[in-house]
A.B. asks: 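Can you read through this structure? Questions will come right after.
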2 protein chains.
Amino acid sequence: MPPVAALPAIPPPARRGRPRKMESERDEGNRRQALMAEAARLFRAKGFDGTSTRDIAAAAGMQSGSPFYFFQSKQALLHAVMQEGMARAEASQAAALKALGARAPAQERLRTLARHHFEVLLGPGSDFIPVMLFEWRSLDAAQQQEVRALKDAYEAAWMPVLRALHRAGRLKARPEVARLFIFGALNWSVQWFSDRGQLSLDELTAQALLLFTGQA
Amino acid sequence: MPPVAALPAIPPPARRGRPRKMESERDEGNRRQALMAEAARLFRAKGFDGTSTRDIAAAAGMQSGSPFYFFQSKQALLHAVMQEGMARAEASQAAALKALGARAPAQERLRTLARHHFEVLLGPGSDFIPVMLFEWRSLDAAQQQEVRALKDAYEAAWMPVLRALHRAGRLKARPEVARLFIFGALNWSVQWFSDRGQLSLDELTAQALLLFTGQA
DNA sequence: CCTACCGATCGGTAGG
DNA sequence: CCTACCGATCGGTAGG
């Protein structure tokens, strides 16, 4: 049922469009990816300002100055984490909707979207999107605008579903406001959900549908 | 309608239980309160780790070392902000429920609770609770436990209302899970609500009730 | 990628 | 509360 067990791999941006050149370049991509993964984990746990580039370097098995070989600045690393996270989330969301089929009822499409979003927030290897959600203010204005566009596209996929439920009388609030509240309800689960709790992501999804549409 | 125009003043903790001693001590309370207010504003805008004690001192018109005359550490100042915020919010929430009367229907009690919570999150002078919500991790374990108790008491006041709505069939999700999702939906508004937007806090409240209970 | 380093900033303190 | 200060840490860089 989970549309994304692990988020699908995406080619490292540094390699995009260039021909592969064997070992050296693949390693370079690996090191860059490793830095992003460790940065995401640490930014989530301790915040952007609470994490030093030395922490990140050590977690990736590097010396303190080495992250700056791969990223222009600490802020650029944060930006890369958010872009990569949004690109993956957008791709896996689209894949989940496609797998469901276009003629599925609105309630089922909402279930798929919510279940997928919980996976992105709470599933294994899910540090990138929580970092985007909570470390937003540490980007500069231009970076915020760029990430905002990716986030808007991701959330826009929910609107046809919310409008259909609204027309059918299953969603009473205005769809635009409902979207804001629903994303809030789901995103906030990052603050309280724990693996060792009794709720699975499927049960979480069912309860969310009950709350918003009155049925599961 | 807003039960709290400005959050009700609470005597500064340093003075509690002691007899008033005129100018000097009242000033001391004022300086302490000013530090907390400026700290809350800056912690909200830039985060705990992104705010220096020098920033806070300057905003309160002091020299860089002076905050440590009033607070043992930067972390103790954060803790004080959260405690003060929760004490005020708890008091104003209780006052709002009391003003409504005990025999009001569950839907009206939920409206009062939600409207009050929006005021605490988004109204004038509302920096203390957002700081508590988003800077949680910067407290040590003992401080977290203490603030957690205040937060639990605040949220517990919602449970009889949610259970009544659940029994009446107006709230379909399990009340405990509904509470988590509802607080998430409301709390997240801190991230997107803007004063110059078209929604008033009353309209926000009405849309939230529509989403969760199907009626406003 | 590592080594070696710099300038800036930070939380906090002693002594008044 | 201010003055003057300290040790630690931080982001980032030059040169290889």
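A, B, ... follow the sequence lines: proteins, then strands. Residue 1 opens every chain.
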A.B. asks: Tell me every residue that passes side-chain contact (heavy atoms from CB on, under 4.5 Å) with Phe68(A), counting only those two or more places apart in sequence or in another chain.
C.D. replies: Thr53(A)
A.B. asks: Please, which pairs that meet salt bridge (charged side-chain N to carboxylate O under 4.0 Å, His left out) have at least one residue in residues 56-82 of chain A, sequence neighbours excluded?
C.D. replies: none
A.B. asks: Mind checking ring pair (Phe, Tyr, Trp, His ring centres under 6.0 Å) for Phe183(A) and listing every partner two or more places apart, or none if nothing turns up?
C.D. replies: His117(A), Trp158(A)
A.B. asks: Can you list the residues that meet the salt bridge (charged side-chain N to carboxylate O under 4.0 Å, His left out) rule with Asp49(B), with sequence neighbours excluded?
C.D. replies: none
A.B. asks: Using the test salt bridge (charged side-chain N to carboxylate O under 4.0 Å, His left out), find all partners of Arg41(B) that sit at least two apart in sequence or belong to another chain.
C.D. replies: Glu38(B)
A.B. asks: Check ring pair (Phe, Tyr, Trp, His ring centres under 6.0 Å) between Phe43(B) and all other residues, then give those that pass, not counting sequence neighbours.
C.D. replies: Phe48(B)
A.B. asks: Taking CG from Leu42(B) and P from dC10(C), how many angstroms apart are they, rounded to a whole number?
C.D. replies: 12 Å
A.B. asks: Got a sec, which residues hit side-chain hydrogen bond (donor to acceptor under 3.5 Å, both in side chains) with Gln83(A), two or more places apart in sequence or on another chain?
C.D. replies: Glu146(A)
A.B. asks: According to a 3.5 Å limit on both distances, what stems of 3 or more consecutive Watson-Crick or G-U pairs are formed with DNA chain C?
C.D. replies: C:1-16 with D:1-16
A.B. asks: Just by distance, do the side chain of Glu90(B) and the backbone of Leu150(B) share a donor-acceptor pair under 3.5 Å?
C.D. replies: no
A.B. asks: Please list each protein N or O that sits under 3.5 Å from an N or O in nucleotides 11-16 of chain D, with the distance.
C.D. replies:
unit_1	atom_1	unit_2	atom_2	d
dG11(D)	OP1	Thr51(A)	O	3.4
dG11(D)	OP1	Lys74(A)	NZ	2.7
dG11(D)	OP2	Thr53(A)	N	2.8
dG11(D)	OP2	Thr53(A)	OG1	3.0
dG11(D)	N7	Arg54(A)	NH1	2.8
dG11(D)	O6	Arg54(A)	NH2	3.1
dG12(D)	OP2	Lys74(A)	N	2.7

A.B. asks: Identify, residue by residue, the members of residues 131-139 of chain B with a heavy atom below 4.0 Å from DNA chain D, and return them in order of residue number, or none.
C.D. replies: none
A.B. asks: For residues 174-186 of chain A, pull every pair meeting side-chain hydrogen bond (donor to acceptor under 3.5 Å, both in side chains), keeping only residues two or more places apart or in separate chains.
C.D. replies: Glu155(A)-Arg179(A), Glu176(A)-Arg179(A)
A.B. asks: Checking Ser52(B) now: which residues fulfil side-chain contact (heavy atoms from CB on, under 4.5 Å) with it, not counting sequence neighbours?
C.D. replies: Arg54(B), Asp55(B)
